[in-house]
Amino acid sequence: MVPQIKTFEEYKEQYELSVNDPEAFWGNIAENFEWKKKWNSVLEWNFSAPDIKWFNGGKLNITENCLDRHQAARKNQTAIIWEPNDANDAARHITYGELFLYVQQFANVLLAQDVKKGDRVCIYLPMIPEAAVAMLACARIGAIHSVVFAGFSAQSLADRINDASCKLLITADSMMRGEKKIDLKKIADDAMLTTPGINKCIVFNHKSSPVQMKPERDLWLHELLSKVNSTHTAEVMESEDPLFILYTSGSTGKPKGVLHTTAGYMVYSAYTFKNVFQYKDQDVFCCTADVGWVTGHTYIVYGPLLNGAVTLMFEGIPTYPDPGRFWNIIEKHKVNIFYTAPTAIRSLQLYGLQPVKGKDLSSLKVLGSVGEPINEEAWQWYHKNIGNGNCPIVDTWWQTETGGILISPLAHITPLKPAFATLPLPGIQPVLVDQKGNEITGNGVEGNLCIKFPWPGIARSLYGNHERFRTTYFSTYQNKYFTGDGCKRDEDGYYRITGRVDDVINVSGHRIGTGEVEDAIDEHNCVIESAVVAYPHEVKGQALYAFVICDRDIHNKEAVYLQIKNHVAKVIGPFARPDKIQIVKALPKTRSGKIMRRILRKIAEGDITNLGDISTLLDPAVVDAIVAGAAGLNEKNS
Ligand code: WT7
């Protein structure tokens, strides 16, 4: 089993060791897994190519580490607790024995559909155990899974399928999010109109909704499962064989297929899960993220299962059937560790304490936060009212690209400071740099956050575009991984993430590229050009404000605003709908044609007293017109 740090002193010692001798440190942790063949070298790397190899020469299968090796001790122990959207439906408890069987059968189903090692499989499923089973089945046969969040539109799904040239799609008939029904198979059908590479679509019957099954292409999972063997010997994978692709947004261009590989991701997800949350045998761990995001990959599926943990998967939303749902789940399943996002906490805070009252939350030992900076008010509310003042909050900072948590307290070990991610985990060497790329040393400083040494969970590439991987993360600052985040290091050396410094916007913990939203808006028939910026939002953290130039005079602005919002929801997904839209005659541009987003951001924030230097603009008068228009914008704007 993966070693667990017990004291702050030990953390400091381990941290020192991890910096002074990273290979000894990580080699020692990797010894705790099942290998078919041991590695030749712990680490080979350079950040200029970049070329990063952990445990090179090793052979293994991650699912043997998640499943086979737990059979002796945990066959009858629950692996996954599933809490359905509808609180009146029965929860499911799946043991390590049952999960092992299901994954082997599913692996055989994939093989029977001619999926081979290295093939890409797209998974578009609700938050149900089958999502985890499908991921593990892919990993078992060496296929690369690409999970697409079930809130994405048909077009976004198709783009992701095509970018990774997936040959098979796994989906379900339909799903419920709160009271809303989502016809997943219909969306998948629309997507498959433009995905020539997809040969087969496996459909899980989740809600018995009527669906169109296209002969030859569409197959019911239960029918396929009834025809296969229930044993499967795991494919032997190289340490650096790809495990999964997960799409995320950047400041420009199309979403990026972040590529993670087998051994390093395994070691890192298991180590961080056990240490950050201080997971103890039999604890019930509940992470409310969706498996469509990296948090779900690492801390619902792989991290917990690698540790033989009990992981709770929740299908629904925090406010259905009422805003006490999270607290009911904690009470019902005696959750010990609860990991959620600041946006969820802020939205529940608005309902006051009534939904929390009378709920027995005494099982809780540790609370977690992820996805965006947590403001101090939300931190205090969560700590006091949910944690009863005695559960530490681990504010975990990380990214899709980092594979696992990089900066976070260790629960019950690291002294906390509200709204601080606190200290780097062992193996993580953060540095702050100024605009010129110079390292800012000492404490009480602020800069752009980079990491100067690799850790096992770091992404290895962007699928099909290694050059974009290099330019996005390794070219801004030489020999450093650039995170895109701004960060403060206080007098005690504690880290506080201040938010993105690029054009990525974090709306309710969803990472959205301004470029993607602009492209979607520009598709509207009367739009010539647009610019999207963020403004602070009480619940969502940040919200989207779009400035739009139209090719004609618009009389019914409200109607156009609504059309544009709906169009963005259709192209990307409902979570990317702009909150506010303003039609403008022109955008503030420099003489070289670059949009000055700094000015638009100020206007969106309502901070127009000091717009800074606008003398470099081609036409400074544009700014006055936009400011005047913003003032007249209807509060609700829809
Ligand atoms: C971006 C990464 C990490 C999994 C979920 C999001 C922001 C994430 C924190 C935190 C402040 C945070 C950063 C980061 N972020 N966690 N604890 N405090 N900011 O993964 O979608 O790849 O987004 O989320 O800005 O760069 P992601």
Side-chain angles (χ1 to χ4, degrees), residues 147-149 151-152 244-251 255-260 268-269 272-273 276-277 287-303 339-346 367-376 378-379 382 393-409 414 416-425 428 430 448-451 457-459 462 472-473 481-488 494-514 516 534 540-542 573 575-576:
V147 183
V148 175
F149 171 56
F152 275 112
F244 67 85
I245 300 166
L246 190 55
Y247 284 85
T248 191
S249 296
S251 31
K256 308 174 281 198
V258 174
L259 182 79
H260 284 284
Y268 200 69
S269 57
T272 54
F273 174 77
V276 169
F277 301 104
C287 167
T288 68
D290 194 284
V291 285
W293 310 113
V294 75
T295 310
H297 280 58
T298 306
Y299 299 111
I300 294 178
V301 181
Y302 287 110
Y339 189 32
T340 194
T343 186
I345 298 164
R346 287 190 300 262
L367 299 174
S369 172
V370 61
E372 45 177 324
I374 179 164
N375 49 308
E376 180 147 2
W379 196 100
Y382 193 31
I393 297 177
V394 289
D395 177 1
T396 62
W397 173 82
W398 58 298
Q399 312 177 294
T400 306
E401 296 87 341
T402 69
I405 298 165
L406 298 198
I407 303 181
S408 168
T414 310
L416 304 175
K417 264 190 208 182
F420 277 77
T422 74
L423 298 170
L425 299 188
I428 305 307
N448 287 348
L449 178 61
C450 295
I451 316 288
I458 188 175
L462 295 178
T472 310
Y473 306 104
Y481 166 80
F482 177 42
T483 65
D485 280 320
C487 182
K488 288 182 178 161
Y494 268 41
Y495 290 85
R496 178 188 188 133
I497 311 301
T498 51
R500 303 287 307 196
V501 294
D502 53 9
D503 290 321
V504 170
I505 301 180
N506 195 324
V507 181
S508 301
H510 294 314
R511 183 166 155 183
I512 299 174
T514 50
E516 277 170 82
K540 300 179 179 189
Q542 292 187 307
F575 60 88

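Just so it is clear, the structure is predicted and the values come from calculations on it, not from any experiment. When a ligand or atom number is given, it counts from 1 through the structure's own listing order.
- Residues T272 and Y299 bring a donor and an acceptor atom of their side chains to less than 3.5 Å of each other.
- Using a 4.0 angstrom heavy-atom cutoff, W398 counts as in contact with ligand 1.
- The number of heavy atoms from other shown groups lying within 6.0 Å of NZ (K417) is above 12.
- Between the side chain of N506 and the backbone N or O of G371, at least one donor-acceptor pair lies under 3.5 Å.
- Atom CG in N448 sits 9.5 Å away from atom SG in C487 (nearest 0.5 Å).
- Here the heavy atom of the protein found nearest to atom 13 (C) of ligand 1 is D485 OD2, 3.1 Å.
- For ligand 1, the atoms lying closer than 4.0 Å to a non-hydrogen atom of I497 are 11 (C), 19 (N).
- The part of E372 lying near ligand 1 is the backbone, judged by heavy-atom distances below 4.0 Å.
- Atom 7 (C) of ligand 1 has its closest protein heavy atom at G371 O, 3.4 Å.
- When heavy-atom distances to ligand 1 are checked against a 4.0 Å cut-off, V504 has no atom that comes that close, whether in backbone or side chain.
- At a 3.5 angstrom cut-off on N or O pairs, S369 does not count as close to ligand 1.
- Of all the atoms in ligand 1, the ones that sit under 4.0 Å from a non-hydrogen atom of T396 are 9 (C), 10 (C), 16 (N), 17 (N).
- Comparing T400, V258, V370 by heavy-atom distance to atom 20 (O) of ligand 1, the nearest is T400.
- Between the T498 side chain and the G486 main chain, a donor and an acceptor come within less than 3.5 Å of each other.
- Short contacts between ligand 1 and N506, defined as distances under 4.0 Å to a heavy atom of the residue, involve ligand atoms 7 (C), 24 (O).
- Interatomic distance, Y481 OH to I458 CD1, rounded to the nearest 0.5 Å: 6.5 Å.
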Run the numbers on L416 and W379 for side-chain contact (heavy atoms from CB on, under 4.5 Å), then give the verdict.
CA-CA 11 Å; L416 304 175; W379 196 100; 4.0 Å; yes
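- Residue contacts with ligand 1 do not include G499, since none of its heavy atoms lies under 4.0 Å from the ligand.
- Atoms of ligand 1 lying under 4.0 Å from any heavy atom of T295, numbered from 1 in the order shown and given with element: 4 (C), 5 (C).
- Ring geometry for F149 versus F152: interplanar angle over 60°, hence perpendicular rather than tilted (30 to 60°).
- Applying the 4.0 Å criterion to heavy atoms of D395 picks out, from ligand 1, the atoms 10 (C), 17 (N), 18 (N).
- Between the side chain of E376 and the backbone N or O of A419, no donor-acceptor pair lies under 3.5 Å.
- The ligand atoms of ligand 1 that sit less than 4.0 angstrom from a heavy atom of V294 are 4 (C).
- On a distance-only criterion, R511 and ligand 1 share at least one N/O pair closer than 3.5 Å.
- Taking a cut-off of under 4.0 Å to the non-hydrogen atoms of P373, the atoms of ligand 1 that pass are 11 (C), 18 (N), 19 (N).
- Taking the six-membered ring where tryptophan is involved, the planes of H510 and F575 are tilted, since the angle between them lies from 30° to 60°.
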